[in-house]
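The shown structure was predicted, so the numbers you read here are calculated from the model rather than taken from an experiment. Below, chain A is the first sequence line, B the second, and so on; all start at residue 1.
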There are 2 protein chains.
Amino acid sequence: MSTDRLGTGAGHANGDRASRAAVSTVQSVDRALDLLEALAGHGGEAGISELAAATGLPYGTIHRLLRTLLDRGYVRQESDRRYALGGALVRLGGMAERLVGVWAQPYLKKMVELSGETANMAVLEGDFIVYVAQAPSPRRLRMFAEVGRRVLPHSTAVGKVLLADRPDAEVASLVERTGMPRRTANTITELPAMLAELDRVRDRGYAMDLGEEELGVHCLAVGVRDGARTVAAMSVSGPAERIDALDREELAAGMRRIARDFGAELGGAL
Amino acid sequence: MSTDRLGTGAGHANGDRASRAAVSTVQSVDRALDLLEALAGHGGEAGISELAAATGLPYGTIHRLLRTLLDRGYVRQESDRRYALGGALVRLGGMAERLVGVWAQPYLKKMVELSGETANMAVLEGDFIVYVAQAPSPRRLRMFAEVGRRVLPHSTAVGKVLLADRPDAEVASLVERTGMPRRTANTITELPAMLAELDRVRDRGYAMDLGEEELGVHCLAVGVRDGARTVAAMSVSGPAERIDALDREELAAGMRRIARDFGAELGGAL
DNA sequence: TTCCTGTTTTCCACATGATGGAAAATCTCT
DNA sequence: AGAGATTTTCCATCATGTGGAAAACAGGAA
């Protein structure tokens, strides 16, 4: 019959959004996730037409997908027929957070004590950095929670720590896939400069971010090693002035000790 | 050609799980959600074969769906190739939690009107109670905002309400994990006493906290039921003298009514 | 009331995209 | 090294999801 077969389920349009590696993904699931994220982007509530504008999907399709999510409690319909994120997400989100955060929490707290600044933990998931846990600084001016946020590695201290664990060739191919978009005037946007920076990181045993992701925010990160691999990174971050006032070497030494303890406790998980 | 058309996208197998109204749901999205929930059911981690056993789906299908979720960070793959809930869920879960707090607001306000005291809503997240919403009392002397605070269940009224929904064995294992640290002279610190207390709670339909978390602070809490499960708890709390002056049974009856209305509005979400 | 406007929801023929069995590739123990 | 258990890939098949456009709805304005 149809002879124009070109690879069955694969090949997907997929197209529009950020074109990931996307080996073979299920379109409708992908779109359902787009909708959830679009809802989140609109403060958790939106009408179908807003979602259509945000995702570029046709009305009928959106409605059908939302119905499915609705049936399962992942989305809720308000009295004015608009849609909102549903309670089922609370359950899953809580579980996920606990999985990664619970173990790290006490160690992050120690880093907060050590530095007075907010401490974060992140992992490299695919080509992206994902923040998985945080212990907030007690200070009035502090970093806001960014657990769950995905960012590219090149502009963050945690990202550099995790990249530093990989051979240059791997870093190069990652960069080729993702690019190195400029986030601020300080962002490193060229591969050779990044490889040199990673060498420095390997050398010193810690990474800095001097306003490369966000102006005025400085970070210092160390790796969490589990045997041979660096499986996560922990950082402290805060206003440039306060971070710069600290003794980097001393802080890094303390953080490395904490991260080592955590890595030991992990013992093969993660 | 095919004459057995019975409504295009409709009709769906859908079958196995709880057969809801399910007018027309998207199969692959539904299955992806099954997988996430199966993962949650296995403590957040599972291999493909466990998931196959849990959901009855074929291996290839599971793998493809997980790949999609993996690509988006909703699932993560551990070093031993098993799958676990991913960090992206944390983000959505957090947003959803905040929204639930917003929906609860008018109901909490009603409780404040009813009692004159500060009203709180809390959920059980893992082994901890998390306060997700609050409506403050108009009085001069009142409880301070504690949204976001995490406490152990055994020393709070909301905690007891939520524990009372679980079988004794589950309560026992939770207590074994967390312990029952003494917060004040009134804290219940022994498991048998707690199980007896939970029986009283189930019996009366409300829980009290008589200075067990903080001396001089008394609370009365009721459950928010969503169908069969108690998914959240709402409480009023204030200075011991004022709380004790109220008619408990009458207050509890009023609060139960409000909580029931809220549970109805939630309607399957959460 | 009644008529608008901007929504959301339903419908349906079509072919695209998801499916699943079974084979290949891994990893993990003995 | 070999056997067993698990994960991953492949691809022909057709059931499944798609999206345009019409219908139903809500909420103001006249």
Would the base of C/dG20 count as contacting B/Arg64 through its side chain, where contact means a donor and an acceptor less than 3.5 Å apart?
yes

I'd like to know if A/Arg81 reaches the base of D/dG27 with its side chain, counting only an N/O donor and acceptor under 3.5 Å.
no

Under 4.5 Å between any side-chain heavy atoms of [X] and [Y], yes or no?
X: A/Val175; Y: A/His154; answer: no
X: A/Val26; Y: B/Val29; answer: no
X: B/Tyr83; Y: B/His63; answer: yes
X: A/Val158; Y: A/Asn120; answer: no

Qualifying residues under side chain to side chain contact (heavy atoms under 4.5 Å, CB included), relative to B/Ser173, sequence neighbours excluded:
B/Arg177

Of B/Gly60 and A/Arg82, whose nearest nucleotide on DNA chain C comes first from the 5' end?
A/Arg82

Need to verify one output field. Residue with the more 5' nearest nucleotide on DNA chain C, A/Ser49 or B/Pro58?
A/Ser49

In whole angstrom, give the distance that lies between atom [atom1] of [X] and atom [atom2] of [N].
X: A/Ile48; N: D/dA24; atom1: CD1; atom2: P; result: 18 Å
X: B/Leu70; N: D/dT9; atom1: CG; atom2: P; result: 11 Å
X: B/Leu65; N: D/dT8; atom1: CG; atom2: C1'; result: 14 Å
X: B/Leu69; N: C/dA18; atom1: CG; atom2: C1'; result: 15 Å
X: B/Glu50; N: D/dT6; atom1: CD; atom2: C1'; result: 11 Å
X: B/Leu35; N: D/dT7; atom1: CG; atom2: P; result: 13 Å
X: B/Tyr83; N: D/dT6; atom1: OH; atom2: P; result: 15 Å
X: A/Ile62; N: D/dT18; atom1: CD1; atom2: P; result: 11 Å

Among [options], find the nucleotide with the atom closest to the side chain of [X].
X: A/Tyr59; options: D/dG17, D/dT8, C/dT9; value: C/dT9
X: A/Arg67; options: C/dT19, D/dT8, C/dT10; value: C/dT10
X: B/His63; options: C/dT9, D/dT18, D/dT8; value: D/dT8
X: B/Arg31; options: C/dT19, C/dT10, D/dT18; value: C/dT19

For A/Leu51 and A/Leu66, run side-chain contact (heavy atoms from CB on, under 4.5 Å): C-alpha distance rounded to whole Å, both residues' side-chain angles, the deciding distance at 0.1 Å, then the answer.
CA-CA 10 Å; A/Leu51 293 173; A/Leu66 285 178; 3.9 Å; yes

Could you check whether A/Thr61 gets within reach of a base, just the sugar-phosphate, or nothing at all, counting any heavy atom under 4.0 Å?
base

Identify whether any heavy atom of A/Gln77 sits under 4.0 Å from a base atom; if not, whether one sits that close to sugar-phosphate; answer base, sugar-phosphate or nothing.
sugar-phosphate

Could you walk me through whether A/Leu152 and A/Met180 pass the side-chain contact (heavy atoms from CB on, under 4.5 Å) test, one step at a time?
CA-CA 8 Å; A/Leu152 287 174; A/Met180 296 175 66; over 6 Å; no

Distance test, side-chain N/O of A/Gln27 to OP1/OP2 of D/dG17, below 4.0 Å
no

How do A/Asp80 and B/Ala46 order along DNA chain D: which one's closest nucleotide is nearer the 5' end?
B/Ala46

Just report the end-to-end axis angle for the helix from C/dT1-D/dA30 to C/dT30-D/dA1, five pairs per end, to 10 degrees.
50°

Using only atom types and a distance under 3.5 Å, with no angle test, would you say the side chain of A/Asp34 pairs donor to acceptor with the backbone of A/Thr55?
no

